[in-house]
Amino acid sequence: MNARYVLFALFVALHVQAEPLPQVSPELVGFANERLEKITAFTGREVSDGRLAGAVTLVARHGKVVHFEAVGRYGVDNDKPLDKDALFRIYSMTKPVTTVAMMMLYEEGHYQLADPVAKYLPEFEHQQVLVDGELRDVQAPMTIEQLMSHTAGLSYGFPADHPGRVAFEAADVSGSRNLVEFTERLAKVPLQFEPGSRYYYSYATDVLGALVEHFSGMTLEEFFAQRIFAPLGMHDTFFNVPEDKLSRVVSNHYWDRENNVLAALPAESARPLTGVTLFSGGAGLVSTAMDY
C-alpha cells in the first residue's frame, strides 16, 4: 500500500556527527535563503491541498543545517501540530543501513562478495527457478553480491496469476517470528529468474539482514544499535520504539482512490511499533529527519 505521509529529508554533502548539527545562515555555506523558503512553501501547499498530512524537511551542508522545518500535523486522524523530531517509518531506507552493516562485516573479513549465500545460510542450497511455469534447478547459486544489487532472483511476491503465487502465499514469509524463520520460509519459494540474469527489487536486503546476524552473532536490532546508531549518535532510530517516544510517531497514510482523499492506514494493516522480533533489513526502521 502506498504510504502518503512523507518524511522529506534532503542532505547535501552531509557530514555525520554524534551531536545535533548546528544551524547557520544559508549564505555561509553557499545557499540562498529565498530558494530554501520555497521548500516550506511547497510542503505547506501540499498539506493545505490535502495531499500530505505533514512533512519534516531538512537540508544540511558541511555538517551545518541551513533549513529544518515541520509543517502540518501528525495525521489526518491526529491534529497535533507536527514536531521536527517526529518519528516516521522509513521503510526501504532501512536497506542502506543493512548494507552498511554488511560492508562493515566485509571489511572485517567475514565473507567475500562472490560467496554463495548458501555457504552461510544452507536453507538456500537447493534453490529452484520457475521457467515457463516449470520448476528447474538454478544454473548457479545466488551470491551475496547479487543480494546487494537485487539480481539474486528473489522478489516481493508474485502477481496473482503467476504460477509461483501459491508457493509464496504458503510460505507466509511476513508471518515469520525472526530472520532465521524468515529465510527458511523464503528459501522454499521458487526464484523468479536465474540469479545474476536481471534486476528485480526484492526481499534481498532482508536476507542480507539474516547474514548480518549470522556473521555477528547478534540480532540485527542489536548490531544496528551497538555498531551503527550509538557511535553516530542516532538516538531516535529503532525497530522497536521506546514507550516514552510512541507519542512522537506519525500516522501512516494511503491514498483512498475511491473517495480521492488521504486516509489513515488502518491499525490492522500497519507494522507494529513494539514487540517486533522479525527485524526487516529491508523496511523495518523508524527514525527522524535529524537522525537520518
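Basis for what follows: all heavy atoms, side chains included, without hydrogens, waters or symmetry-related copies.
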Which pair of non-hydrogen atoms, one from [X] and one from [Y], has the smallest distance, and what is that distance?
X      : Y      : result
Ala55  : Leu52  : CB-CD1, 4.2 Å
Val207 : Val117 : CG1-CG1, 4.2 Å
His110 : Tyr120 : O-OH, 3.8 Å
Pro195 : Ala140 : CG-O, 3.5 Å
Tyr292 : Pro96  : OH-CG, 3.1 Å
Ala283 : Arg271 : CB-NH2, 3.5 Å

Rounded to the nearest 0.5 Å, how far does [atom2] of [Y] lie from [atom1] of [X]?
X      : Y      : atom1 : atom2 : result
Glu222 : Arg227 : CD    : CZ    : 12.5 Å
Leu208 : Glu213 : CG    : CD    : 12.0 Å
Leu121 : Leu211 : CG    : CG    : 4.5 Å
Met93  : Lys95  : CE    : NZ    : 10.0 Å
Asp49  : Leu262 : CG    : CG    : 12.0 Å
Glu221 : Leu285 : CD    : CG    : 9.5 Å

Donor-acceptor contact present, side-chain [X] to main-chain [Y], <3.5 Å:
X      : Y      : value
Lys64  : Pro22  : no
Tyr111 : Met102 : yes
Glu125 : Pro122 : no
Thr94  : Ile90  : no
His150 : Tyr199 : no
Asn178 : Val180 : yes
Thr40  : Glu37  : no
Lys245 : Asp236 : no
Tyr203 : Tyr156 : no
Ser155 : Gly157 : yes

### Message
Does Asn252 form a side-chain contact (heavy atoms from CB on, under 4.5 Å) with Arg89? I'd like the steps, not just the answer.
### Response
CA-CA 8 Å; Asn252 288 310; Arg89 283 212 168 276; 3.8 Å; yes
Taking the side chain as C-beta and beyond, is there a heavy-atom pair between [X] and [Y] under 4.5 Å?
X      : Y      : answer
Thr143 : Leu113 : no
Phe239 : Leu278 : no
Tyr254 : Pro266 : yes

Hydrogens and angles aside, do [X] and [Y] bring a side-chain donor and acceptor to less than 3.5 Å of each other?
X      : Y      : value
Ser251 : Asp77  : yes
Ser92  : Tyr201 : yes
Ser25  : Glu27  : yes

### Intermediate values then yes/no, side-chain contact (heavy atoms from CB on, under 4.5 Å), Val66 and Arg61
CA-CA 7 Å; Val66 295; Arg61 176 179 280 172; 5.6 Å; no
### Task
Let me see the working for Val276 and Phe238 under side-chain contact (heavy atoms from CB on, under 4.5 Å), right down to the final yes or no.
CA-CA 10 Å; Val276 177; Phe238 327 92; over 6 Å; no
### Query
What about the rings of Phe224 and Phe279, do their centers lie closer together than 6.0 Å?
no
### Message
Between Asp85 and Arg248, does any NZ, NE, NH1 or NH2 come within less than 4.0 Å of an OD or OE carboxylate oxygen?
### Response
yes
#### Entry: salt bridge (charged side-chain N to carboxylate O under 4.0 Å, His left out): pairs with one or both residues in residues 163-185, sequence neighbours excluded
Arg165-Glu169, Asp172-Arg185, Arg177-Glu181, Glu181-Arg185
### Task
For Val286 and Thr237, run side-chain contact (heavy atoms from CB on, under 4.5 Å): C-alpha distance rounded to whole Å, both residues' side-chain angles, the deciding distance at 0.1 Å, then the answer.
CA-CA 5 Å; Val286 174; Thr237 306; over 6 Å; no
### Glu258 CD: over 12 foreign heavy atoms closer than 6.0 Å
no
Is there a continuous path of hydrophobic side-chain contacts, each under 4.5 Å between heavy atoms, that joins [X] to [Y]?
X      : Y      : value
Leu105 : Ile228 : yes
Leu232 : Phe229 : yes
Ile144 : Leu179 : yes
Phe124 : Tyr200 : no
Val166 : Val131 : no

